[in-house]
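Below: one structure, written as C-alpha cells.
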Amino acid sequence: MMDELMTWAASALFIAGSLLTLIAAIGLVRFPDVLARMHGVTKPGTLGIALLMIGLALSMQSIQVAWKVALVVLFQLITSPVSAHMLGRAAVRTKKVASDLLVVDELSEDLARSDVPHEETSPRN
C-alpha cells in the first residue's frame with residue numbers, strides 16, 4: 001500500500017514538474033524581450049526541476065538518492081536567481097532590452113548618472 005502511494009505521489013510530481021518545465025520552454029519562445037524571457041524561464045523552470053527531483057527521490061526510495069537530489073535542488077535554487085540577475089544586468093548594459101516595455105528602469109537611470117558606459121561588457125583588468 002505504501003509503495004503504491006509513493007508511486008502515485010512520484011508520478012504526480014513528475015507530471016507537475018514536466019508541465020512547469022514545458023511552461024518555461026514556451027515562455028522562452030513566446031515572450032518578447034530578454035527580461036520577460038528570463039522571468040518566464042527562471043520561475044517555473046526552477047520549481048519544475050525541484051518537483052522532478054523530489055519525484056525522483058520518492059520513486060527511488062533511497063537515502064543516497066535523496067541527499068543527491070537535495071543537493072541538486074539546493075544548487076538550482078542558489079544559482080538560478082544569481083544567473084538571472086547577471087543576465088539581466090548584461091542585457092541592460094548592452095541595450096538588448098525593449099525599453100518601451102519597461103515600467104521602471106532604475107538600472108539604466110543609475111548607469112546614465114555614473115561614469116560607466118552602457119556598452120562595457122568585459123570585466124575590468
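- A chain of hydrophobic side-chain contacts below 4.5 Å, direct or via other Ile, Leu, Val, Met, Phe, Trp or Tyr residues, connects Val69 to Leu77.
- The line from CD of Gln61 to CE of Met2 is 8.0 Å long, rounded to the nearest 0.5 Å.
- At a cut-off of 3.5 Å, with distance as the only test, a side-chain donor of Thr46 or Ser80 sits close to an acceptor on the other residue.
- Separating the OG atom in Ser62 from the CG atom in Leu56 is a distance of 10.0 Å, to the nearest 0.5 Å.
- Inter-residue side-chain proximity for Thr21 and Leu52 is flagged as met; some heavy-atom pair is nearer than 4.5 Å.
- Across all their heavy atoms, Ala84 and Thr42 have their closest contact at CB-CG2, 3.7 Å.
- The two residues Ala66 and Ala57 have their closest heavy-atom pair at CA-CB, 4.2 Å.
- Taking CG from Leu13 and OG from Ser18, the interatomic distance works out to 10.5 Å, rounded to the nearest 0.5 Å.
- Minimum interatomic distance between Leu58 and Ala10 (heavy atoms only, all atoms of both residues): CB-CB, 4.1 Å.
- The hydrophobic clustering, which links ILVMFWY residues whose side-chain heavy atoms are closer than 4.5 Å, places Leu20 and Ile26 apart.
- Side-chain contact between Met53 and Ile49 is present, with at least one heavy-atom pair separated by less than 4.5 Å.
- Taking every heavy atom of both residues into account, Ala16 and Leu51 meet most closely at CB-CD1, 3.9 Å.
- With rounding to the nearest 0.5 angstrom, the CD atom of Gln76 is 10.5 Å from the CG atom of Leu47.
- Criterion: ILVMFWY side-chain heavy atoms under 4.5 Å apart, direct or through other members. Under it, Val97 and Leu87 are part of a common hydrophobic cluster.
- Note: Met38 CE to Met86 CE = 11.5 Å, rounded to the nearest 0.5 Å.
- For Ala36 against Phe31, the heavy-atom pair with the smallest separation is O-CD1, 3.2 Å.
- Trp67 and Met60 sit in two unconnected hydrophobic clusters of ILVMFWY residues. Membership requires side-chain heavy atoms under 4.5 Å apart, directly or through other members.
- Nearest approach of Arg37 to Val29, heavy atoms of both residues: NH2-O, 4.4 Å.
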